[in-house]
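Okay, structure first, notes after.
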Amino acid sequence: MAPNLSHAERHIHALALAKECVALGARLRTVGYMTGLPHGQLTHLFFTDCTVAQRGRAPDSPDWYHSANLLNRTEASIFASIYRRIRELGFGPAEALVAGYRHYRTVCCHQPRIHFDRAFDLASHLDGLWTVLTPSFSLVTCPVCSSQYMTAIGAAPATNHECPFCKLLMRYRRDPRIQTCFPAHTVADVTALQLSAMTLAKFMFRD
Ligand SMILES: [Zn+2]
């Protein structure tokens with residue numbers, strides 16, 4: 001957000017951001033962190049139905065990601081890669097999260113596995129923001145397919161043994177679940193986000 005905005009403009013911007021987050025399925029806690037608006041005001045404006053406002057425990061992504069199945073890790077990495085690219089264009093984290101999550105949903109041809117609160121938590125742990133002080137994930141580039149994927153911060157894999165995109169492509173022909181989630185005609189679109197992985201996908205799915 002531009003630093004020279006007036007208080008009223010900042011408040012209007014925060015309300016508009018809150019509305020977008022709520023529309024994407026964010027819980028009250030998430031909207032509070034992202035907008036800085038007080039919980040009472042958010043509850044009054046957006047969460048009048050208390051049963052909708054609170055839905056179970058907040059995500060804890062470091063443990064979740066490292067034990068998640070391949071499809072979840074792949075989609076988490078797709079979201080994280082989009083989010084990072086938007087950040088690198090100079091957008092703030094809240095704007096990058098909302099825009100990145102919207103874009104992530106458009107590349108999912110099924111029900112997205114990453115819900116908005118999860119995306120918020122992934123971005124928090126990637127950049128050391130909002131709920132955490134220091135990052136616990138980094139994005140690394142696979143030396144084989146050149147896709148970006150999330151790994152524990154400080155790790156520098158020299159092989160593709162952790163890369164979810166390489167694993168996904170290797171399992172594709174024998175795993176109906178992967179074929180359902182990433183139909184062959186959409187793989188090019190998904191991997192287009194991952195740039196040079198598209199070349200590998202085209203090679204694998206050309207027949
Ligand atoms: Zn790879």
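For ligands, and for the atoms within them, numbers begin at 1 and follow the listed sequence. Below, each value reflects all heavy atoms present in this structure, side chains not excepted, and no hydrogens, waters or symmetry copies.
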Check the pair Thr131 / Phe120 against side-chain contact (heavy atoms from CB on, under 4.5 Å), numbers first and verdict last.
-> CA-CA 9 Å; Thr131 59; Phe120 164 78; 3.7 Å; yes
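Using cut-offs of 30° and 60° on the angle between ring planes, the pair His7 and His11 is parallel.
Residues passing the side chain to side chain contact (heavy atoms under 4.5 Å, CB included) test with Ser138, sequence neighbours excluded: Val140, Thr151, Ile153.
A ring-centre distance under 6.0 Å is not found for Tyr149 and Phe165. Centroid-to-centroid, the aromatic rings of His66 and Phe137 come within less than 6.0 Å.
One side chain, Ser136 or His125, offers a donor N or O that lies under 3.5 Å from an acceptor on the other.
Distances under 2.8 Å from the Zn ion (ligand 1) pick out the protein N/O/S atoms Cys142 SG, Cys145 SG, Cys163 SG, Cys166 SG.
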